[in-house]
Amino acid sequence: MTDWLLIGLFAALVTLLLLTLFGFAVYSGIFSEVVVSAGVPPIGNITVAYKFQVGPYGDCGRLFTEGCSVSPKLCSIAVYYDNPHTVDPEKCRYLVGRILSEGDEKPSEQVVRMFLKYGFKIFHFPAPSHVVKATFPYTTPLSIHLAVNRVHPSLDTYIKERKLCAHPRMEIYKGDQIYFICPLARQGDFYVPEMKELEKKSRAAAEIEDAQTDTTGGETLSDTSSVSLEITTDSRETSVATSILSPFTPGRGRDEVDNRSEHSYSESGASGSSFEELDLEGNNEGDGMAGLSADQGSAEDQETPTAKWTKESIALEKEKGEE
């Protein structure tokens, strides 16, 4: 009898524990619906104290704790500049901080000095006109993990399906809600000085690499042209008659060069947005027909002088016969 009683008590405790965990998960928002929409942002212009970081987004918890320890009553904010699915986690750039003031309100000088003392920087974010937005309950620490795993995939799907340019991704922890905001305009206004400096260095490095590639390509083309010139000169000296009897050989060479150029152009265009690619696919059908007509026209224009003279003689004979 005692054994059955202990087993029953143990089962009851396990059931109560599971119900408690289930209730905690429900309260944290595990069944909350994620609604993504585009429209007016839920906040206005804000002044923030922040710290900029490069590295995995999973390490941002330390900065949240640091900001909260300086001023626990203020709202937290995080701005993520890179997509962790396409960028190396060690190269992801983000900032975490606290909102010092919103709208026309001015931040407290004492609070500003306190954040500056602990190594934070001050920056002003304007109010974006249109954003992609979503909200999630913020009731427990578990809410943060649920929001990361549920809201961000929904934002990705919404933006991809509508082919929107919405970045960077902002999280604002205000009251019992987490606001997810992706500006649709004036995105550069949300880039802090550290981020702009990294972007400038990245563009400079890319330009140097492109210049080196162009220089290497030019040297290769020059060498190829020199070899082709030598071969052409030799062939002209040894077989002039062959060149005269084959007037379309240079034309084929130009066509091959043009085809290579078009291929390179299509490869460079493939790196654009999916919308641009759809446009290119639609235009290629028409271009194919236009190209075919152009080839037929050029073939007619390239008739030999003998053929043209023969046609003119026949026309004169017909006119004489009619007279």
Side-chain angles (χ1 to χ4, degrees), residues 41-71 74-134 144 147-148 151-152 155 159 164-174 178-207:
I43 61 167
N45 54 304
I46 54 177
T47 301
V48 302
Y50 72 93
K51 282 191 174 183
F52 184 81
Q53 191 74 27
V54 178
Y57 288 156
D59 297 342
C60 65
R62 176 181 57 83
L63 296 180
F64 276 105
T65 303
E66 189 174 348
C68 185
S69 63
V70 177
S71 182
L74 298 177
C75 301
S76 294
I77 182 174
V79 181
Y80 304 99
Y81 294 103
D82 297 302
N83 186 348
H85 299 295
T86 58
V87 178
D88 184 2
E90 297 297 332
K91 296 181 180 180
C92 287
R93 300 160 295 183
Y94 63 95
L95 68 85
V96 176
R98 308 286 279 183
I99 299 177
L100 303 180
S101 65
E102 181 180 353
D104 296 331
E105 179 187 359
K106 292 184 178 181
S108 170
E109 294 183 2
Q110 181 180 358
V111 174
V112 170
R113 285 196 298 268
M114 189 181 302
F115 275 101
L116 292 175
K117 177 182 177 181
Y118 286 96
F120 286 80
K121 296 183 179 180
I122 311 299
F123 195 76
H124 180 77
F125 288 148
S129 56
H130 294 85
V131 298
V132 174
K133 57 185 178 178
I144 301 174
V148 169
V151 178
H152 284 292
L155 288 171
I159 293 171
L164 299 174
C165 179
H167 67 90
R169 193 157 296 185
M170 306 171 65
E171 296 177 0
I172 296 177
Y173 298 79
K174 187 177 182 181
I178 304 176
Y179 296 91
F180 295 83
I181 302 172
C182 305
L184 289 169
R186 300 176 61 186
Q187 288 97 341
D189 293 341
F190 299 91
Y191 280 59
V192 294
E194 295 91 337
M195 184 64 188
K196 291 181 180 179
E197 186 65 25
L198 289 177
E199 287 287 301
K200 189 183 296 184
K201 290 180 180 178
S202 236
R203 285 194 298 268
E207 289 175 358

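- Contact record, Ile46 with His124: O-ND1, 3.3 Å, taken as the closest heavy-atom pair.
- Counting heavy atoms from C-beta outward, Phe125 and Val192 have side chains that approach closer than 4.5 Å.
- Remark: Phe120 CZ to Ser71 OG distance equals 10.0 Å, nearest 0.5 Å.
- Here the NZ-CD1 distance, from Lys174 to Ile77, works out to 11.0 Å after rounding to the nearest 0.5 Å.
- For the pair Lys133 and Pro42, the tightest heavy-atom approach, listed with the atom from each and the gap, is CD-CD, 4.4 Å.
- Rounding to the nearest 0.5 Å gives a distance of 7.5 Å between SG of Cys75 and CZ of Arg98.
- Annotation: side chain of Ile43 is not in contact with side chain of Tyr179 (no heavy-atom distance under 4.5 Å).
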List the steps, then state whether ring-ring contact (aromatic ring centres under 6.0 Å, His included) holds for Phe190 with His167.
CA-CA 9 Å; Phe190 299 91; His167 67 90; 9.6 Å; no

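- The shortest side-chain heavy-atom distance between His85 and His152 does not fall under the 4.5 Å cut-off.
- You'll find the side chain of Phe115 reaches within 4.5 Å of the side chain of Leu74, heavy atoms only.
- Counting only heavy atoms from C-beta outward, the side chains of Leu184 and Val131 never approach each other to under 4.5 Å.
- One distance of note links CD1 of Ile178 with CD1 of Ile172; it measures 11.5 Å at 0.5 Å rounding.
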Let me check something: any side-chain donor-acceptor pairs from residues 53-65 under 3.5 Å, sequence neighbours excluded? List them with distances.
from: Tyr57; atom 1: OH; to: Asp82; atom 2: N; distance (Å): 3.0
from: Tyr57; atom 1: OH; to: Asp82; atom 2: O; distance (Å): 2.6
from: Thr65; atom 1: OG1; to: Gly61; atom 2: O; distance (Å): 3.0

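- Lys196 is linked by a salt bridge (Lys or Arg N to Asp or Glu O under 4.0 Å) to nothing, counting only residues two or more places apart in sequence or in another chain.
- Summarising the geometry of Cys182 relative to Ala166, their closest heavy-atom pair is CB-CB, 3.8 Å, with the distance given to 0.1 Å.
- Across Asp189 and Pro126, no two heavy atoms sit closer than the pair CB-CG, 3.5 Å.
- Under the 6.0 Å distance and 45° angle rule, Lys121 does not count as a cation-pi partner of Tyr50.
- The shortest side-chain heavy-atom distance between Tyr191 and Pro168 falls under the 4.5 Å cut-off.
- Between Glu105 atom CD and Thr47 atom OG1 the span is 9.0 Å, to the nearest 0.5 Å.
- Defined by atom type and a distance below 3.5 Å, a donor-acceptor pair is missing between the side-chain atoms of Glu199 and Tyr81.
- Shortest non-hydrogen contact noted between Ser129 and Ala185 is OG-CB, 4.1 Å.
- The closest side-chain heavy-atom distance from Phe123 to Pro193 is below 4.5 Å.
- Residue pairs meeting the side chain to side chain donor-acceptor pair (under 3.5 Å) criterion with at least one partner in residues 107-117, sequence neighbours excluded, do not occur; the list is empty.
- Residue-environment remark: CG (Asp88) exceeds the threshold of 12 foreign heavy atoms within 6.0 Å.
- Smallest separation of non-hydrogen atoms from Gly44 and Glu102: N-OE2, 3.4 Å.
- At a threshold of 4.5 Å between non-hydrogen side-chain atoms, the residues Leu164 and His130 do not count as touching.
- Within the model, atoms CG of Asn83 and SG of Cys92 stand 8.0 Å from one another, a figure rounded to the nearest 0.5 Å.
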